[in-house]
Protein chains: 2
Amino acid sequence: MELAEAKLKFIEAWGKLGSEWGINRTMAQVHALLLVSPEALTTEEVMAELSISRGNANMTLRDLIDWGLVEKQHKTGERKEFFFAEKDTWVIARKVAEERKKRELDPVLKILGQLTEIEGDEKDPAFKTFKTSVTDINKLAKNVNKTLDTMLKAEESWFFGSIFKIFK
Amino acid sequence: MELAEAKLKFIEAWGKLGSEWGINRTMAQVHALLLVSPEALTTEEVMAELSISRGNANMTLRDLIDWGLVEKQHKTGERKEFFFAEKDTWVIARKVAEERKKRELDPVLKILGQLTEIEGDEKDPAFKTFKTSVTDINKLAKNVNKTLDTMLKAEESWFFGSIFKIFK
DNA sequence: TTAAACTTTCAAAAATAAATGAAAATAATT
DNA sequence: AATTATTTTCATTTATTTTTGAAAGTTTAA
């Protein structure tokens, strides 16, 4: 297999994985493209490589910047903007975890917290089942939350070096 | 807040979270409904509670059964089928992890494995960047995979008792 | 065996999400 | 300050996903 083919396969696989996890396929593909590019790319280049429109490329790149996965670069003498991706997988994993925690877990935790406080007739099976299920899910969510918090503070070496040795 | 309202909020929140993670909103809602129901429900009841069509209810329930999150129940003297959800959050978390690993992580690992074997000119920056990025992502994916394998084998008490204490 | 009760299927419709592209806005250059 | 290069916006179009509902299929029981 040659590089060009491998690159396409990688972009395709990354896009598919992204879409299965609620991330826009094109966004994951642009990310993949930048990940394997040694140089920062222009919007034009992204458009050409992935055959997408200017508007799509522009919005997708902005989203990636919002996620903290891509940065703008200005080259002296050049008027165009260049884009490059953070390449450290540990940093990528942390940024994605951080962003999804903030956008999705935190709001759910807030609602679960409210729902666990509901009061009612302990004799009523409907009430009891509701309370038990919600309380249990809340517990799990809090554990996930705590784990993510710790991970976000952790050092790469600690993460790769220690955590995974616990699981063996 | 009363039970009926809380139930709706829970179903809505669970549906939203599901859709943000690539799980059909209705499927997450049906799951939420069964989670908080003390008794197994019929297709009719699911249809009525969530205002969805028969076809939708039927397919969604089948999907939930495929995921191992819901089971059919037959009541003696009753002709209809009843559906109830696994309520142990640890079991739910494991089943979801197991299923998504099988459906999404395993295929990606296979592709990444192939891509890391590509050979080329080490002097070429395009080649070097590709190789480095793919190798790093492969490493991360393998670590995630190993962690999930361990989790799937683990006992609840071990998981809740030990793991989360490491992160504190 | 046949009629009623219930479940499954799937083509078509509806809803939702994503992409386009031309126009507007902004920024740099002459 | 006018021209040109570049980026951003967003109404519209296109693609994808989800839902519907009626028909076909299956099971049970009289």
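To find a chain, count down the sequence lines: A is the first, B the second, and so on, and within it residues start at 1. Keep in mind the model is a prediction, meaning the values are calculated, not measured. Because only heavy atoms are used, hydrogens play no part in the values below, and waters and symmetry mates are left out as well, while side chains stay in.
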Among residues 54-61 of chain B, which ones have heavy-atom contacts with DNA chain C below 4.0 Å?
B/R54, B/G55, B/N58, B/M59

Walk me through it: do A/W90 and A/M151 pass the test side chain to side chain contact (heavy atoms under 4.5 Å, CB included)?
CA-CA 10 Å; A/W90 169 239; A/M151 177 181 149; 3.8 Å; yes

Tell me the closest heavy-atom pair linking B/M47 and B/S53, and the distance in Å.
CG-O, 3.9 Å

Flag side-chain contact, heavy atom, 4.5 Å: B/I92 against B/K95
no

Nearest-nucleotide pick for B/S53, side chain only, options being C/dC6, D/dG21, D/dT9
D/dG21

Provide, to the nearest angstrom, the distance between the CE atom belonging to A/M47 and the P atom belonging to D/dT6.
13 Å

Taking NE2 from B/H74 and C1' from D/dT27, how many angstroms apart are they, rounded to a whole number?
11 Å

Below 3.5 Å, can you tabulate the donor-acceptor pairs from side chains in residues 59-79 of chain B to any protein atom, sequence neighbours excluded?
| residue | atom | partner | partner atom | Å |
| --- | --- | --- | --- | --- |
| B/T60 | OG1 | B/N56 | O | 2.8 |
| B/T60 | OG1 | B/N56 | OD1 | 3.3 |
| B/K72 | NZ | B/E81 | OE2 | 3.2 |

In residues 112-134 of chain A, what donor-acceptor pairs under 3.5 Å come from side-chain atoms, sequence neighbours left out?
| residue | atom | partner | partner atom | Å |
| --- | --- | --- | --- | --- |
| A/T116 | OG1 | A/L112 | O | 3.4 |
| A/T116 | OG1 | A/G113 | O | 2.7 |
| A/D121 | OD1 | A/K123 | N | 2.8 |
| A/D124 | OD1 | A/A126 | N | 3.0 |
| A/T129 | OG1 | A/P125 | O | 2.8 |
| A/K131 | NZ | A/I118 | O | 2.9 |
| A/T132 | OG1 | A/K128 | O | 2.8 |
| A/S133 | OG | A/T129 | O | 3.3 |
| A/S133 | OG | B/L35 | O | 2.8 |

Checking A/S37 side chain against A/A40 main chain: does a donor-acceptor pair fall under 3.5 Å?
no

Rounding to an integer number of Å, can you tell me how far B/L50 CG sits from D/dT18 P?
16 Å

Please report the distance, rounded to the nearest Å, between CZ in A/R62 and P in C/dA19.
14 Å

Pairs of donor and acceptor atoms involving the side chains of residues 7-28 of chain B, under 3.5 Å and at least two apart or interchain, shall be tabulated with distances.
| residue | atom | partner | partner atom | Å |
| --- | --- | --- | --- | --- |
| B/W14 | NE1 | B/H31 | ND1 | 3.3 |
| B/S19 | OG | B/K16 | O | 2.9 |
| B/W21 | NE1 | A/E104 | OE1 | 3.0 |
| B/N24 | OD1 | B/T26 | N | 2.8 |
| B/N24 | OD1 | B/M27 | N | 3.2 |

Is A/V108 reachable from B/M1 through a run of I, L, V, M, F, W or Y residues, each pair having side-chain heavy atoms under 4.5 Å apart?
yes

Looking at B/E98 and B/K101, is any side-chain nitrogen of the basic one under 4.0 Å from a carboxylate oxygen of the acidic one?
no

All heavy atoms of B/V46 vs all of B/A57, minimum pair found to be CG1-CB, 4.5 Å

Could you state the atom-to-atom distance from CZ of A/F82 to C1' of D/dA5 in whole Å?
13 Å

Considering only side-chain heavy atoms of B/K72, which listed nucleotide, D/dT20, D/dT7, C/dT8, is closest?
C/dT8

Sub-3.5 Å pairs of nitrogen or oxygen atoms, protein against nucleotides 28-30 of chain C:
| residue | atom | partner | partner atom | Å |
| --- | --- | --- | --- | --- |
| C/dA28 | N3 | A/R79 | NH2 | 3.4 |

Starting from C1' on C/dC6, measure out to CD on B/Q73 and report it in whole angstrom.
17 Å

Expressed in angstrom and rounded to an integer, what is the separation of B/E81 atom CD from D/dT26 atom P?
14 Å

In terms of hydrophobic clustering (I, L, V, M, F, W, Y; side-chain heavy atoms under 4.5 Å; direct or indirect links), are A/F84 and A/L50 co-clustered?
no

Using heavy atoms and a sub-4.0 Å distance, could you list which residues of residues 15-43 of chain B are near DNA chain C? By number, please.
none

For the pair made of CG in A/D63 and P in D/dT7, what is the distance, rounded to whole Å?
17 Å

